[in-house]
Every structure is written in structure tokens, then in C-alpha cells.
Amino acid sequence: MATDRRTAIFPGSFDPFTLGHMDVLQSALKLFDKIYVAVGYNHLKQGFLSPQTRVRLIEDAVRPLVEAGSDIEVLSYTGLTVDLCREKGTDFIVRGLRTTTDFELESVIAQANRKMCPDTVTVFIPASHVYSFISSTVVRDVIVNGGDAAPFLPANISISDYIKV
Ligand code: ADP
């Protein structure tokens, strides 16, 4: 599936999108002309933030990059990431790696995706040591316990605009 412009999907729960995700996205933009940041959700699994809110927060977070010329599209999807790849006409999936545990989980998912769709290539981007300790789980815990999650989040997003804790 060769096209002139290299595009990739960066899928995740992004519940919420953190500085760690932002760092992976910025690295991915060095490799690809366009990135689809894809909020994956499951109808049966209630998240912390709704998929729509997650999309809006990511749009806020990436606005400075878009204004500076980066081609980023934020969307939500349900179902298989390989189906989203087919829909968007890309073979590339970007994922971030923090730990060996991430690697073990991610390599299994990458192999399953490749089995389902042989053209799929998963590109792993190592976490920056500055952000590798950040996870959406920690951010959610900080927020629900009344702490300040700002140090873990992109500068221009405000989760308190969207949730009442
Ligand atoms: P999922 O539920 O699909 O794992 P997440 O939103 O937790 O979705 O993570 C999306 C991707 O971002 C995953 O590849 C994850 O390993 C990566 N990631 C999460 N936090 C960080 C971080 N601090 N640094 C680098 N990559 C990260």
C-alpha cells in the first residue's frame, strides 16, 4: 500500500492524553507526514473520560503543533486497529515503550495485528527518560484524589473543564 505521503495511526486509550503520549507523538512526526491520533474505546468498558472528551483534550493539546504546520488528525474508533489502518489507507501503527513489560505486551499485539493484516508495521518509539514514569493510570489517581495533575499533562489542557471530581 505505497503512497507518497507517509501516514501512521497512533492508537491508545489516552484516558487521559499525557506528556508521555505527547512526546511519542512528537517523535512520530519526525518519521511520518501525517499522524492519526486514534482514541480507542470499548462500548462495554466505561472509561474515566468519555471518548469525545478525550478527543477534545487531545485536540487542545496538539493545537500548537498543528498551528506550527504538523498534520495531526484526532479521532475516536472502536473495533480493531488494523481495520482503522485499512480505512485510513496506512500500514503503520505507532506505539510507545516505557518498560520491558510494555515491550512484552506490545510485541504480542504487534504480531497479532501482523497476522490479521500482513502489511501492518508497528513502529515502537522508546519513552523519553523524562516522561517514562507517566501513565494515564497515575494521572487518573492523582485527579480523583484531588491532586494537581498539571505536571503530567500537556500545558494547554485543562481536565477540570471537562470533569467534576
Ligand atoms: P493503551 O490502553 O492502548 O495501552 P495508552 O493510552 O495507555 O493506551 O497508551 C498509548 C500508547 O502510549 C502505548 O503504546 C503506551 O505504551 C504509550 N505510552 C503511555 N505512556 C507513555 C509514556 N509516558 N511514554 C511513552 N509512551 C507512553
Side-chain angles (χ1 to χ4, degrees), residues 7-32 34-62 65 70 72-85 87-88 90-117 120-144 147-157 159 162-163:
T7 64
I9 310 263
F10 178 27
S13 307
F14 304 126
D15 192 18
F17 194 78
T18 68
L19 277 174
H21 296 131
M22 190 68 159
D23 186 61
V24 171
L25 173 62
Q26 285 178 287
S27 297
L29 285 164
K30 295 180 182 168
L31 297 171
F32 296 99
K34 174 171 185 155
I35 304 284
Y36 296 95
V37 182
V39 174
Y41 67 95
N42 179 339
H43 292 294
L44 302 174
K45 220 169 89 183
Q46 168 108 38
F48 174 59
L49 301 169
S50 71
Q52 296 86 337
T53 298
R54 290 182 235 167
V55 166
R56 256 187 271 150
L57 285 170
I58 299 169
E59 284 171 344
D60 290 346
V62 304
L65 298 177
S70 294
I72 302 165
E73 186 176 327
V74 188
L75 54 92
S76 64
Y77 76 106
T78 189
L80 296 175
T81 306
V82 287
D83 287 338
L84 182 65
C85 287
E87 185 190 319
K88 296 298 178 190
T90 179
D91 292 334
F92 298 101
I93 296 173
V94 169
R95 297 284 285 176
L97 290 182
R98 287 161 292 185
T99 59
T100 51
T101 310
D102 270 357
F103 175 75
E104 282 169 20
L105 292 170
E106 295 292 342
S107 57
V108 169
I109 296 169
Q111 286 169 46
N113 283 335
R114 195 151 180 194
K115 186 81 187 160
M116 289 185 283
C117 186
T120 304
V121 177
T122 301
V123 177
F124 292 128
I125 294 184
S128 147
H129 72 281
V130 181
Y131 303 120
S132 60
F133 71 97
I134 300 177
S135 69
S136 297
T137 308
V138 167
V139 171
R140 289 195 297 272
D141 279 351
V142 169
I143 293 169
V144 296
D148 177 14
F152 312 118
L153 299 171
N156 45 332
I157 74 171
I159 290 190
Y162 294 97
I163 56 161

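Counting convention: from 1, in listed order, for ligands and their atoms alike. Note that the structure is predicted; figures quoted are calculated from it, not measured. Quick note: numbers below take in every heavy atom, side chains included, and nothing from hydrogens, waters or symmetry partners.
- Shown here is Arg114, whose CZ atom has no more than 12 heavy atoms of other residues, nucleotides or ligands within 6.0 Å.
- Ligand 1 has no N or O atom lying under 3.5 Å from any N or O atom of Ser136, backbone or side chain.
- Among all non-hydrogen protein atoms, the one lying nearest atom 4 (O) of ligand 1 is Arg95 NH2, 3.2 Å.
- Taking both residues in full, the closest heavy atoms of Ser136 and Pro16 are given as OG-O, 2.7 Å, listed atom of the first, atom of the second, then distance.
- Looking at Arg95, its side chain does come within 3.5 Å of a backbone N or O of Pro11 through a donor-acceptor pair.
- Among protein heavy atoms, atom 20 (N) of ligand 1 sits closest to Arg98 NH1, 3.3 Å.
- Those atoms of ligand 1 that come under 4.0 Å of a heavy atom in Glu106, given as number and element, are 13 (C), 14 (O), 16 (O).
- Regarding atom 15 (C) of ligand 1, its nearest protein heavy-atom neighbour is Gly96 O, 3.7 Å.
- Checking side-chain atoms of Arg54 against main-chain N and O of Ser13 turns up a donor-acceptor pair under 3.5 Å.
- The N/O atoms of Ile134, backbone and side chain alike, include one that comes under 3.5 Å of an N/O atom in ligand 1.
- Residue nearest to atom 2 (O) of ligand 1, selected from Ser132, Ser13, Pro11, Gly12: Ser13 (by heavy-atom distance).
- Minimum heavy-atom separation, Phe124 to Leu97: CB-CD1, 3.6 Å.
- Counting only distance, with no hydrogens or angles, the side chain of Asp60 and the backbone of Ile157 share no donor-acceptor pair below 3.5 Å.
- Checked against a 3.5 angstrom limit, the closest N/O atoms of Asp15 and ligand 1 fall outside it.
- Among all protein heavy atoms, the one lying closest to atom 24 (N) of ligand 1 is Ala127 CB, 3.4 Å.
- Using modelled atom types, no side-chain atom of Ser132 and backbone atom of Ala127 make a donor-acceptor pair closer than 3.5 Å.
- Considering both main-chain and side-chain atoms, Val24 never comes within under 3.5 Å of ligand 1 through any nitrogen or oxygen pair.
- The nearest protein atom to atom 12 (O) of ligand 1, hydrogens excluded, is given as His21 CD2, 3.3 Å; this is a heavy-atom distance.
- Residue contacts with ligand 1 leave out Asp23, since none of its heavy atoms falls under 4.0 Å from the ligand.
- Protein heavy atom in closest approach to atom 6 (O) of ligand 1: Phe14 N, 2.9 Å.
- A distance of 4.0 Å separates CD1 of Ile143 from CD1 of Ile159, quoted to the nearest 0.5 Å.
- Remark: the backbone N or O of Val82 is not paired with any side-chain donor or acceptor of Asn113 at under 3.5 angstrom.
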